[in-house]
Amino acid sequence: MIYTVTVNPALDYVIQLKQVNRGEVNRANNCSFLAGGKGINVSQILNQLDIDNTAWGFVGGFTGKELVRQLNQRRIVNDFVTISDVTRVNVKVHAEEESEINAAGPNITEQEITAFKARLNDLQKGDIVVLSGSLAPSLPVDFYKELLPTIKEAQADFVIDTTGQALLDTLSYKPLVIKPNHHELADLFNTTFNSDKEMLECARKLLDMGAQNVMVSMAGKGGYLITPKHFYHAKAAVGTAVNSVGAGDSMIAGFVGTYVKTNDPAASFRIGMACGAATAFTKDIAVKSQIDAVLPQINVEEIS
Ligand SMILES: Nc1ncnc2c1ncn2[C@@H]1O[C@H](COP(=O)(O)OP(=O)(O)O)[C@@H](O)[C@H]1O
Ligand SMILES: O=P(O)(O)OC[C@H]1O[C@](O)(COP(=O)(O)O)[C@@H](O)[C@@H]1O
């Protein structure tokens, strides 16, 4: 079973208007509330790939109720801990350009944290836990790291999608895969890359620090997969990018959902690349037909 963890989910309030005139009253053409959060996006793609999964995290208040309602409507199996504070609303303004205001998130009590950690007692050998997204400010900064000993004791694997020191701190627990984009990878080593060779050297260091597999995503410029024995490259699919939300989450879901069935990192990378592109080419998180349409374009080449 795959468990996705979204500790700080959100209702994304998507506001569409032609243009924003700062300092004036602006009227929107269209508005909608959409259940959001990186782990939830991963669950959504896993559903499209027909991979059993359960979404975990914290939800509360009227926004939390709406979020769970939408997940149930999308048939995303979920078992969130209910909190007494209110799930955040993230504002996404889609005008001539896209702007986002992501709220910090609710207060989560010690008792609610304990209830969440009890969920991990359900883990079994071979399960995979996908940890993604920001932490609510009331959670300790090393919250993800605190979960790892229990996950490893259950002989489950984990995937973590976070950045900076928080990511580096988890590597000794041997994540199944991590997926920095090329900017995040450069930031991890406080550098800028002048060539793909330099980038691959840094990705290789993450393997040495404990990661089992490293995918480096480069949006429309494709991606790399680095495993202990092999380097792979895939060009990005060609299409019109209309959405910058959730491509990375989709790539992770494609990898994990395929790996759980095949144990084959290269095949998993290929599906991950297709899922990422399919989401970039659609206004929402991609559905199966869109992933299938992109897949023939993705060729994974081994490089020496
Ligand atoms: N414009 C695009 N064209 C084709 N594929 C894309 C595009 N943007 C994203 N993708 C796909 O989605 C993956 C993840 O996107 P990326 O933007 O690198 O991740 P993140 O959202 O984590 O920064 C890429 O490796 C690629 O496969
Ligand atoms: O947890 P964070 O980093 O605040 O991000 C939450 C946001 O992430 C999303 O899931 C999409 O993330 P990306 O745009 O980074 O792909 C939104 O739906 C949500 O508002």
Side-chain angles (χ1 to χ4, degrees), residues 4-14 32-45 55 57-58 63 67 70 87-94 98-106 130-137 139 143-144 161-164 166-167 177-187 199 214-225 232-255 269-286 290-291 293-295 297-300:
T4 64
V5 176
T6 313
V7 291
N8 200 9
L11 266 192
D12 289 345
Y13 188 48
V14 184
S32 49
F33 282 106
L34 289 175
K38 296 187 167 57
I40 289 171
N41 293 342
V42 173
S43 277
Q44 197 155 327
I45 291 283
F58 300 94
T63 44
L67 190 136
Q70 289 194 18
T87 292
R88 65 187 170 147
V89 173
N90 287 346
V91 179
K92 316 280 169 175
V93 180
H94 293 183
E98 289 185 12
S99 310
E100 304 188 17
I101 304 174
N102 286 3
V130 183
L131 305 162
S132 10
S134 70
L135 297 174
L139 290 174
F143 180 76
Y144 285 142
D161 186 15
T162 185
T163 53
L167 174 64
V177 67
I178 56 173
K179 190 217 71 63
N181 63 38
H182 55 312
H183 304 298
E184 292 163 345
L185 180 61
D187 289 348
M199 190 177 73
V214 177
M215 289 192 290
V216 182
S217 68
M218 303 182 299
K221 295 190 179 127
Y224 285 98
L225 169 71
Y232 299 97
H233 175 255
K235 285 189 187 151
V238 177
T240 307
V242 292
N243 166 35
S244 60
V245 172
D249 308 334
S250 301
M251 186 173 180
I252 287 175
F255 184 96
F269 172 56
R270 177 166 181 258
I271 306 290
M273 289 291 294
C275 291
T279 288
F281 298 160
T282 178
K283 283 214 152 132
D284 198 354
I285 302 295
Q290 291 163 328
I291 299 168
V294 165
L295 189 57
Q297 284 198 47
I298 310 287
N299 294 307
V300 172

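In listed order, ligands and their atoms are each counted from 1.
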Under a 4.0 angstrom heavy-atom cut-off, which atoms of ligand 1 come close to Ser217?
14 (C), 16 (P), 18 (O), 19 (O), 25 (O)

Smallest heavy-atom separation, Ala103 atom then Asn90 atom, equals N-OD1, 2.8 Å

Heavy atoms of Ala10 and Leu67 approach each other most closely as O-CD1, 3.2 Å

Considering distance alone, does some N or O of Val245 sit under 3.5 Å from an N or O of ligand 2?
no

Give the residue, atom name and distance (to 0.1 Å) of the protein heavy atom nearest atom 10 (N) of ligand 1.
Ala219 O, 3.8 Å

Judged by heavy atoms only, the candidate from Cys275, Ala237, Gly220 nearest atom 2 (C) of ligand 1 is Gly220

Heavy atom of the protein closest to atom 22 (O) of ligand 1 (residue, atom name, distance):
Lys179 NZ, 3.0 Å

Heavy-atom pairs closer than 4.0 Å: do any link ligand 1 to the side chain of Met251, the backbone, both, or neither?
side chain

Any atom of ligand 2 sitting under 4.0 Å from a heavy atom of Gly37?
yes

At under 4.0 Å between heavy atoms, which part of Asn41 makes contact with ligand 2: side chain, backbone, both or neither?
side chain

A student checking ligand 1 against Gly222 at a 4.0 Å heavy-atom cut-off should list atoms 25 (O)

Distance from atom 5 (N) of ligand 1 to nearest protein heavy atom, with residue and atom:
Ala277 CB, 3.5 Å

Using a 4.0 Å cutoff against the non-hydrogen atoms of Asn90, which atoms of ligand 2 qualify?
6 (C), 19 (C), 20 (O)

Taking distance alone, with N or O pairs closer than 3.5 Å, would you say Glu100 contacts ligand 2?
no

Any donor and acceptor pair, going by atom type alone, linking the side chain of Asp187 with main-chain N or O of Gly164 inside 3.5 Å?
no

Considering only heavy atoms, which of Ser250, Ala10, Ser134, Gly105 lies nearest to atom 2 (P) of ligand 2?
Ser134

For atom 16 (O) of ligand 2, closest protein heavy-atom neighbour:
Gly246 N, 2.7 Å

Which residue holds the protein heavy atom closest to atom 1 (N) of ligand 1, what is that atom called, and what is the gap in Å?
Ala241 CB, 3.5 Å

For Gly133, counting its heavy atoms only, list the atoms of ligand 2 lying under 4.0 Å from any of them.
1 (O)

Any idea which part of Arg88 is under 4.0 Å from ligand 2, heavy-atom wise: side chain, backbone, both or neither?
side chain

Heteroatom proximity flag, Asn8 to ligand 2, N/O under 3.5 Å
no

Determine whether Leu135 and Asn8 make a side-chain contact, defined as any pair of heavy atoms from C-beta on separated by less than 4.5 Å.
no

So is Gly239 touching ligand 1 or not, going by heavy atoms under 4.0 Å?
no

At a 4.0 Å threshold, what atoms of ligand 1 neighbour a non-hydrogen atom of Ala280?
7 (C), 8 (N), 9 (C)

Under a 4.0 angstrom heavy-atom cut-off, which atoms of ligand 2 come close to Lys38?
2 (P), 3 (O), 5 (O), 6 (C), 7 (C), 8 (O), 10 (O), 12 (O), 13 (P), 15 (O)

Numbered in order shown, the ligand 1 atoms found under 4.0 Å of a heavy atom of Gly276 are 11 (C), 12 (O)

Considering all heavy atoms of both residues, which atom of Ala286 and which atom of Ile291 are nearest to each other, and what is their separation?
CB-CG1, 4.1 Å

Proximal ligand 1 atoms for Phe281, defined as those under 4.0 Å from one of its heavy atoms:
3 (N), 4 (C)

Which residue holds the protein heavy atom closest to atom 15 (O) of ligand 1, what is that atom called, and what is the gap in Å?
Ala247 CB, 3.7 Å

With a 4.5 Å heavy-atom cut-off, do Arg270 and Leu295 have their side chains touching?
yes

For the SG atom of Cys275 and the CD atom of Gln290, what is their distance to the nearest 0.5 Å?
11.0 Å

Rounded to the nearest 0.5 angstrom, the OG-CD1 distance for Ser217 and Ile252 is 8.5 Å

Criterion side-chain contact (heavy atoms from CB on, under 4.5 Å) against Asp12, the qualifying member of Glu100, Lys92, Arg88
Lys92

Met273 side chain near Phe255 side chain, heavy-atom distance below 4.5 Å:
no

Is Asp284 close to Asn243 at the side-chain level, that is, under 4.5 Å between some pair of heavy atoms?
no

Please find the pair of heavy atoms, one from Ala219 and one from Ala236, that lie closest to each other, and give the distance.
O-CB, 3.8 Å

Under 4.0 Å from a heavy atom of Asn181: which atoms of ligand 1 are those, numbered in the order shown and with their elements?
23 (O)

Run through Thr282, Thr279, Asn41 and flag the one making a side-chain hydrogen bond (donor to acceptor under 3.5 Å, both in side chains) with Ser250.
Thr279

Return the CG to OG1 distance between Leu131 and Thr162, rounded to the nearest 0.5 Å.
9.5 Å

Atom 17 (C) of ligand 2: the protein heavy-atom neighbour that sits closest, reported with distance to 0.1 Å
Asp12 OD2, 3.3 Å

Check: Ser132 main-chain N/O paired with Tyr144 side-chain donor or acceptor under 3.5 Å
yes

Report yes or no: does a heavy atom of Glu184 sit under 4.0 Å from some atom of ligand 1?
no

Out of curiosity, is Gly248 lining ligand 1, as in a heavy atom under 4.0 Å away?
yes

If you look at every heavy atom in Ala234 and Ile298, which pair is closest and at what distance?
CB-CG2, 4.2 Å

Find all atoms of ligand 1 within a distance of less than 4.0 Å from any non-hydrogen atom belonging to Ala236, and give their numbers and elements.
4 (C), 5 (N)

Can you name the closest pair of heavy atoms from Thr6 and Gly37 and give their distance?
CG2-CA, 3.8 Å

